[in-house]
Amino acid sequence: MNKYEIMFIVNPTLDEASIKKVAEDMKDIIVKAKGEITEEQEMGQRDLAYEINKHKKGYYFFYAVNTTPDVIKEFNRLANVNENVIRHLIVKVEK
């Protein structure tokens, strides 16, 4: 298993329950594939450095995970498809 850090930004126009649901759905992708989330951080709403899809703010989430590359590929695919995730970044942590 490899270590990864995942950060994603959720559409800020959603209500709070929907924002939490999007974050839980993204977390479930990793957990259901037997990945381990070692750190989880809800960073709240922040200003974006530049406008993304006409949004000037976003709701940030961070996960540190231990999982396989296949799970990361699936997470990446589903994050690209999810219209409520306006940006995401996945970084492999070298030992």
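- Under the side chain to side chain donor-acceptor pair (under 3.5 Å) criterion, the residue pairs touching residues 62-72 are E36-N66, with sequence neighbours excluded.
- A distance-only check finds a donor-acceptor pair linking the side chain of N82 to the backbone of N84 [under 3.5 Å].
- For CD of E16, the number of neighbouring non-hydrogen atoms (other residues, nucleotides, ligands) closer than 6.0 Å is 12 at most.
- Ion pairing of E74 with R77 is present here, as a side-chain N (NZ or NE/NH1/NH2) and a carboxylate O approach within less than 4.0 Å.
- In this structure, V71 and I29 approach most closely via the heavy-atom pair CG1-O, 4.2 Å.
- Of all the heavy atoms in P12 and K57, the pair that sits closest is CG-O, 3.0 Å.
- Annotation for K34 and M1: closest pair O-CE, 3.8 Å, computed over non-hydrogen atoms.
- If you take NZ on K27 and CD on E40, they are separated by 3.5 Å, rounding to the nearest 0.5 Å.
- The environment of CD in E83 is sparse: at most 12 heavy-atom neighbours from other residues, nucleotides or ligands sit within 6.0 Å.
- No side-chain heavy atom of P69 sits less than 4.5 Å from a side-chain heavy atom of I72.
- Both V31 and F61 belong to a common hydrophobic cluster when Ile, Leu, Val, Met, Phe, Trp and Tyr are linked at side-chain heavy-atom distances under 4.5 angstrom.
- Of the inter-residue distances, the one linking N2 atom CG with E94 atom CD reads 8.0 Å to the nearest 0.5 angstrom.
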Y4 vs V93, side-chain contact (heavy atoms from CB on, under 4.5 Å): CA-CA, chis, key distance, verdict:
CA-CA 5 Å; Y4 296 91; V93 179; 5.9 Å; no
Test log, rule side-chain contact (heavy atoms from CB on, under 4.5 Å), inputs I6 and I30
CA-CA 11 Å; I6 301 171; I30 296 164; 3.7 Å; yes
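- Take E42 and apply the salt bridge (Lys or Arg N to Asp or Glu O under 4.0 Å) test, not counting sequence neighbours, and it matches K20.
- Side-chain atoms of N80 come within 3.5 Å of backbone N or O of N76 as a donor-acceptor pair.
- Counting Ile, Leu, Val, Met, Phe, Trp and Tyr side chains that sit under 4.5 Å apart, directly or through other members, I86 shares a hydrophobic cluster with M7, I9, M43, L48, Y50, I52, Y60, F62.
- Residues V85 and A79 approach most closely at CB-O, 3.9 Å, considering heavy atoms.
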side-chain contact (heavy atoms from CB on, under 4.5 Å) evaluation trace for F8 with R87:
CA-CA 6 Å; F8 60 95; R87 257 317 173 263; over 6 Å; no
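- Under the 4.5 Å side-chain heavy-atom criterion for Ile, Leu, Val, Met, Phe, Trp and Tyr, L78 and Y59 are members of the same hydrophobic cluster.
- In the hydrophobic cluster analysis, where Ile, Leu, Val, Met, Phe, Trp and Tyr join through side-chain heavy atoms closer than 4.5 angstrom, V65 is grouped apart from V91.
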